[in-house]
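Okay, so here's the structure we're looking at.
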Protein chains: 2
Amino acid sequence: MNTEPLLQYISKYIDLTKDETAILLSKLVYRKYLKGQYVLQQGDVCKHACFILSGCTKTFYMDNKGQEHIVVFSIEDWWASDVGSFITQTPADYNVLCLEDTELIQFSYEATEVLYIEIPKLERFYRKIIESALAASQKRIVHNFSLSAKERYLIFRDSYPKIEQRIPQYMIASYLGITKEFLSKIKSQLILEQ
Amino acid sequence: MNTEPLLQYISKYIDLTKDETAILLSKLVYRKYLKGQYVLQQGDVCKHACFILSGCTKTFYMDNKGQEHIVVFSIEDWWASDVGSFITQTPADYNVLCLEDTELIQFSYEATEVLYIEIPKLERFYRKIIESALAASQKRIVHNFSLSAKERYLIFRDSYPKIEQRIPQYMIASYLGITKEFLSKIKSQLILEQ
DNA sequence: AATAAATGTTAAACTAGATTAATATCATTT
DNA sequence: AAATGATATTAATCTAGTTTAACATTTATT
């Protein structure tokens with residue numbers, strides 16, 4: 001497995017010695033999924049936090065009316081998992097599905113528990129990642145309340161230009177919390193405006 | 001200051017020795033606010049993570065149309081701060097205002113940095129808290145998309161029965177992301193139904 | 001190249017929730 | 001007990017976003 005992207009990523013937060021790096025890598029598992037495969041299905045326990053090397057996933061929730069709601073898209077150098085399920089080892093609320101062939105590195109729950117003890121620094125690393133994810137999540141709640149669908153779309157487009165091009169429009173609508181028809185309307189409006 | 005509630009709370013996640021507890025307490029500051037006072041104002045840097053001993057705060061965001069959006073209510077045994085601002089030490093997006101006279105324990109940013117080094121176990125403690133907060137925040141995003149205002153109100157009422165009684169209805173409406181008039185309508189509907 | 005499958009657009013009718021505005025209730029102060 | 005300010009209700013009108021349904025376009029498959 002190509003561990004460079006992960007080590008690079010970790011080094012932004014903490015410094016690992018050679019020995020520590022060796023321990024870390026010995027606990028990790030490489031896994032490749034094909035487009036259309038599930039990394040996690042709601043109802044199953046999320047046994048791995050996954051660091052994406054290549055490809056793209058959507059994390060979504062299927063409500064009791066059978067409607068799909070996309071929580072987040074994940075691409076290279078980011079994570080895919082159901083945090084709630086992973087930390088409590090209880091059934092997941094979310095599905096993680098590959099939108100492209102996807103290579104990732106799995107941190108199993110057991111491995112993280114051991115790693116936190118063997119390399120306490122990793123607590124700090126993981127804490128920092130989760131802190132930023134929480135800040136982003138809270139900002140999204142506020143945006144959903146205070147901004148119109150059009151404003152939210154513009155922010156999404158600016159924040160994730162790379163993602164927009166790789167993903168069908170109806171999924172972006174689901175991420176924004178609107179229908180595909182309405183997103184289509186917004187886009188044609190934007191074209192008229194400029 | 002009465003440190004019992006905090007120590008009790010921490011002990012749910014990690015075990016501290018007497019020495020560690022002493023170090024921890026030596027870095028903390030007790031602070032009392034009156035009803036109506038700000039613990040944090042948007043634009044200021046969030047210099048403290050605050051553990052609430054008594055009282056109640058609202059964390060809210062004032063949008064550019066002058067509208068207030070409540071992100072969270074915090075009471076005894078919970079935290080109040082702007083995580084994003086605190087971890088990056090950049091200006092806050094949120095305000096934290098006391099809805100009652102409020103006693104709290106301040107963890108300054110500098111103190112937490114020192115404490116993480118002196119008592120590495122605290123990384124684990126804080127990581128776990130943040131993880132649950134993230135899981136809760138993600139669940140809220142999905143709820144806001146997939147549930148009607150009425151369903152969201154019922155979930156709020158069930159999840160935070162203690163909070164509902166202490167807080168004016170128009171603030172609960174703001175937390176739910178609806179107008180006070182519409183919440184009023186929902187409540188009268190619920191009365192008719194039963 | 002032809003067909004099927006997936007994705008995107010348009011427009012009309014509809015609804016959850018917002019806005020406005022008037023009135024009612026409750027708590028606090030004088 | 002009257003008066004003030006804060007909170008809550010009700011009803012009419014309005015709008016952002018949904019639903020339904022028909023059609024258009026792009027992509028993948030044979």
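Below, read A as the first sequence line, B as the second, and so on, with proteins coming before strands; counting in each chain starts at 1.
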Remember a base hit wins even if backbone is also touched, and classify B:Tyr170 as base, sugar-phosphate or nothing at under 4.0 Å, heavy atoms. sugar-phosphate
Starting from [atom2] on [N], measure out to [atom1] on [X] and report it in whole angstrom.
X        : N      : atom1 : atom2 : result
A:Leu176 : D:dG17 : CG    : P     : 11 Å
A:Asn144 : C:dA16 : CG    : P     : 20 Å
B:Tyr153 : D:dA8  : OH    : P     : 11 Å
A:Gln189 : C:dA11 : CD    : P     : 13 Å
A:Phe145 : D:dA16 : CZ    : P     : 19 Å
B:Leu183 : C:dT19 : CG    : C1'   : 16 Å

Reading DNA chain D from 5' onward, which residue's closest nucleotide shows up sooner: A:Lys35 or A:Lys185? A:Lys185
Starting the side chain at C-beta, find the nucleotide from [options] nearest to [X].
X        : options                : value
A:Ser184 : D:dG17, C:dG17, C:dT9  : C:dT9
A:Phe182 : C:dG17, D:dT18, C:dA21 : D:dT18
B:Thr179 : C:dG17, D:dT10, C:dA18 : C:dA18
B:Glu181 : C:dT9, D:dA8, D:dT10   : D:dT10
B:Ile178 : C:dG17, D:dT9, D:dT18  : C:dG17
B:Arg152 : D:dA11, C:dG17, D:dT20 : C:dG17
B:Pro168 : D:dT10, C:dT9, D:dT7   : D:dT7

So do the side chains of A:Leu53 and A:Ile105 get within less than 4.5 Å of each other, counting heavy atoms only? yes
Can you say whether the rings of B:Tyr175 and B:Phe156 are parallel (under 30°), tilted (30 to 60°) or perpendicular (over 60°)? tilted
State whether B:Gln67 places a side-chain N or O below 4.0 Å from either non-bridging phosphate oxygen (OP1 or OP2) of C:dA18. no
I need the minimum non-hydrogen distance between B:Tyr61 and A:Val142, along with the two atoms involved. CD2-CG1, 3.0 Å
Nearest non-hydrogen partners of A:Ser54 and A:Ile52, listed with the distance: O-CG2, 3.5 Å
